[in-house]
Amino acid sequence: MTRIYMANNVIDRLVDGVCVLSAAFCDKEGFSIYRTSNEFSPNAVSEILDYSNESELTTIVGEINTVMILRIQSGHFIVIQCPNNSNFGKARQKLRLAGTEIIAFL
C-alpha cells in the first residue's frame with residue numbers, strides 16, 4: 001500500500017458517525033489533502049489556527065457542530081467535525097491517536 005493510501009485510511013477510521021461525523025487532513029497552508037466528506041470544507045481553519053497561540057489542540061464550538069483541530073509535528077493538521085451532543089473525550093482521544101499514527105506516513 002502506498003503512503004498516501006495509508007494516511008487516508010487513518011483519516012477514514014476517525015469517522016464513526018457518532019462522535020465524529022467527518023474528518024480532513026490538511027497541509028501546512030490549510031489546503032485539504034484528504035477529506036471524508038465533500039460537504040466538510042476545513043480550508044478556513046488555517047486562519048483560525050493563527051490565533052490559537054500554537055496550541056496542539058483547538059476546539060471551536062458552533063451552534064450545530066463542534067470542530068476540533070490537531071496540529072501535528074510536521075505542520076500538517078487534522079480536523080474533525082463532531083455533533084454537539086457527542087462524547088468529546090472520545091473524539092479527542094481518537095484525534096490524538098490519528099495524529100500519532102499519521103506521522104509515519106509523511
Query raised in the report: Which pair of non-hydrogen atoms, one from I33 and one from C26, has the smallest distance, and what is that distance?
Result: CD1-C, 3.9 Å
Report task. Would you please name every residue forming a side-chain hydrogen bond (donor to acceptor under 3.5 Å, both in side chains) with T66, sequence neighbours left out? Result -> N84
Query raised in the report: Taking only residues two or more places apart in sequence, or in another chain, which ones meet A98 in a side chain to side chain contact (heavy atoms under 4.5 Å, CB included)?
Result: V10, L14, I78
Report task. May I have all residue pairs that pass salt bridge (charged side-chain N to carboxylate O under 4.0 Å, His left out) and include part of residues 7-18, sequence neighbours excluded? Result -> R13-E101, D16-K94
Report task. Report yes or no: does S86 contribute a side-chain atom to a donor-acceptor pair with the main-chain N or O of V18 at less than 3.5 Å? Result -> no
Report task. With rounding to the nearest 0.5 Å, note down the distance linking CD in Q93 to CG in N87. Result -> 9.0 Å
Requested in this report: Taking all heavy atoms of I72 and all of G99, pick out the closest pair and write down the distance.
Outcome: CG2-CA, 3.7 Å
Query - Partners meeting side-chain hydrogen bond (donor to acceptor under 3.5 Å, both in side chains) with S74 (sequence neighbours left out) - result: H76
Requested in this report: Would you indicate whether the side-chain heavy atoms of I69 and I60 approach each other to under 4.5 Å?
Outcome: yes
Query - Working for side chain to side chain contact (heavy atoms under 4.5 Å, CB included), residues I11 and I102 - result: CA-CA 8 Å; I11 301 303; I102 209 162; 3.9 Å; yes
Requested in this report: With the side chain counted from C-beta on, respond yes when F25 and S32 share a heavy-atom pair under 4.5 Å apart, and no when they do not.
Outcome: no
Query raised in the report: Are any non-hydrogen side-chain atoms of F77 and K28 less than 4.5 angstrom apart?
Result: no
Report summary line: Sorted by chain and residue number, the side chain to side chain contact (heavy atoms under 4.5 Å, CB included) partners of E56 (sequence neighbours excluded) come out as L70, R96
**Report entry** Within one Ile-Leu-Val-Met-Phe-Trp-Tyr cluster: I103 and L57, side-chain cutoff 4.5 Å
**Finding:** yes
Query raised in the report: What pairs with S22 under side-chain hydrogen bond (donor to acceptor under 3.5 Å, both in side chains), at least two apart in sequence or on another chain?
Result: Q81
Query raised in the report: How would you list all residue pairs meeting salt bridge (charged side-chain N to carboxylate O under 4.0 Å, His left out) that involve residues 81-92, not counting sequence neighbours?
Result: none
